[in-house]
There are 2 protein chains.
Amino acid sequence: MRVSLSTVSIFNGLDEIALNDILSQIIFQRKSFSEGALVVSQGEECNRLMILIEGKVKGEMSSPTGKSLKIEDMEAPSVLASAFLFGQNNTFPVNILAETEVKFIVIPKTELLKLFQISDRILQNFLSMISSRAQFLSEKLRFHSFKALKAKLSFYLMNESRQREMFKLRHSQNELSELFAVARPSVGRAFMQLQEDGIIDVRYKQVHILNRSSLALACNE
Amino acid sequence: MRVSLSTVSIFNGLDEIALNDILSQIIFQRKSFSEGALVVSQGEECNRLMILIEGKVKGEMSSPTGKSLKIEDMEAPSVLASAFLFGQNNTFPVNILAETEVKFIVIPKTELLKLFQISDRILQNFLSMISSRAQFLSEKLRFHSFKALKAKLSFYLMNESRQREMFKLRHSQNELSELFAVARPSVGRAFMQLQEDGIIDVRYKQVHILNRSSLALACNE
DNA sequence: AAAAAGTTGTCACATTTGTTACATTTGAAA
DNA sequence: TTTCAAATGTAACAAATGTGACAACTTTTT
């Protein structure tokens, strides 16, 4: 189940052999956490790159009320903390929780700088990752600026369906309520409204998109 | 009113002479816009670094309803678009509007890459900027996850006051309503509530913080 | 197959926020 | 100073969302 390191985005374009050579030149750690563990807590100093090579984690922001806003799910292979490593206030903005057994490779910031000098390709990969990250955060921000819940849900359904007319929801209404930062019954109501509008047909996790163009319009309300 | 280039964050630590030498090695443009102009529109390809050297701009996301969510104000010297240059989907996530006459230096992506090779310092500055940018976006995101408007306003007041007991608001309620993504009368109500709670005293733009610790608590509701 | 746990549909009611409107106050311009 | 545009205080009502609850249904576990 563990992934090959060459599939990790920061090592894009490097083959196993080159990669082994490069990695032999720096110091790094391996770390494991068991299911449910708090891998990183919000506010903790961000001074090392964490590469998830096995398992799944989720990132969530604990809002001040104690409730949490789920930011994203990640599964191996992926790179955590990339965008926060070099900032002024380099702290993690989220809690990261292990959803399964997870394994990481941990590269200290100083060693990462060495990597940049060794391989131009790694630097370019890193720049690309960090930019995508900022794009991701902007998208999240736009998403939360969608005021109406119906619009949020419509947008979500547009993305989840990917052209298909029928599909199964990956998330429960409870999870959606965390993603959208609303109460659970509100999610149910929003589904109901889209159904009453004749835009979708939904029964438990099974969704049938009846009118995709109306769904697109519903994103704009 | 135009600022010296050495005060721009991406050129931190370089003196005028070194900077002139470096800049002579690359190709870049100067661009001006008049007040009110749309400097960059959301969705436009982001393939050049824009350095604001004179004037003020604001960035806002047009939400699908046509309403806009103000993201930030920027004034010279500052660097735009840094975080989106190298991503997969390198488009601007915001509209950028000139609030005064503005002047820019525009450096194409390819030339920026040259700069990185010429000066390690510029690369490091760039990494730092882009990380701070991601932090900024995360903070925005957390802010919008503050559900209650009273909490948003409290948080805003905590930041704006900076230790002081009395201060003048920099933004009108109308502007605040854009920042918070709510309706204007709601902002007024939130002020009123904080006043009724005995936490602040507010009369038009003049704010008096009566109980800072309660204000801090109010952020968590 | 049966039991347990989790998910969903749904309700009534409280609370918050949006909308529209208008009078008042302030600050800037004439 | 006077005038005027903008900002603010405030109200009534509409709409959306939160809360708590419970039954019905699914899925997973035993």
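All values below were derived from every heavy atom in this structure, side-chain atoms included, with hydrogens, water molecules and symmetry-related copies excluded.
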So which nucleotide from [options] ends up closest to the side chain of [X]?
X	options	value
S186(B)	dA7(D), dT20(C), dT17(C)	dT17(C)
A183(A)	dG9(D), dT7(C), dT19(D)	dT19(D)
V182(A)	dT19(C), dG18(D), dT17(C)	dG18(D)

Five pairs per end, C1' atoms only: what is the angle between the end axes of the helix from dA1(C)-dT30(D) to dA30(C)-dT1(D), to 10 degrees?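 Its terminal axes enclose an angle near 50°.
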[N] [atom2] sits how many Å from [X] [atom1], rounded?
X	N	atom1	atom2	result
L176(A)	dT8(C)	CG	C1'	12 Å
L169(A)	dT8(C)	CG	P	8 Å
L194(B)	dG9(D)	CG	C1'	16 Å
L149(A)	dG18(C)	CG	P	14 Å
Q195(B)	dT8(D)	CD	P	14 Å

Least distance between heavy atoms, S214(B) atom then I199(B) atom: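 Smallest interatomic distance, heavy atoms only, reads CB-CG1, 3.8 Å.
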Side chain to side chain contact (heavy atoms under 4.5 Å, CB included) against [X], all qualifying residues, sequence neighbours excluded:
X	result
L97(B)	L38(B), K58(B), E60(B)
F191(A)	L153(A), L157(A), L169(A), Q173(A), L176(A), V187(A), I200(A), V202(A)
S186(B)	L149(B), V182(B), A183(B), R189(B)

How would you list, by chain and number, every residue that makes a ring-ring contact (aromatic ring centres under 6.0 Å, His included) with [X], sequence neighbours excluded?
X	result
F28(A)	none
F143(B)	F146(B), F155(B), F180(B)
H171(A)	Y156(A)

Taking salt bridge (charged side-chain N to carboxylate O under 4.0 Å, His left out) as the test, write out the residues that go with [X], two or more places apart.
X	value
E101(A)	none
D201(B)	none
E139(B)	R142(B)

Between V102(B), I71(B), V57(B), which is the residue that forms a side-chain contact (heavy atoms from CB on, under 4.5 Å) with I96(B)?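 Result for side-chain contact (heavy atoms from CB on, under 4.5 Å) with I96(B): V57(B).
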Given that R189(B) and N174(B) both sit by DNA chain D, which one's nearest nucleotide is further toward the 5' end?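 That would be N174(B).
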For P185(A) and V202(B), take the nucleotide of DNA chain D holding the closest heavy atom to each; which residue's nucleotide lies nearer the 5' end?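 Its nucleotide being nearer the 5' end, the pick is V202(B).
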Using OP1 and OP2 only, check whether a side-chain N or O of Q173(B) sits under 4.0 Å from dG9(D).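 The answer is yes; a side-chain N or O of Q173(B) sits under 4.0 Å from OP1 or OP2.
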Quick test: give all pairs of protein nitrogen or oxygen and nucleotides 25-29 of chain C nitrogen or oxygen below 3.5 Å, distance rounded to 0.1 Å.
residue : atom : partner : partner atom : Å
dT25(C) : O4'  : Y204(B) : OH           : 3.2
dT26(C) : OP1  : R203(B) : NH2          : 3.1

Contacting residues from residues 150-161 of chain B, given that a heavy atom lies under 4.0 angstrom of DNA chain D: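 Heavy-atom cutoff 4.0 Å gives no residues at all.
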Do R184(A) side-chain and dG9(C) base share a donor-acceptor contact under 3.5 Å?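 Yes, a donor-acceptor pair under 3.5 Å.
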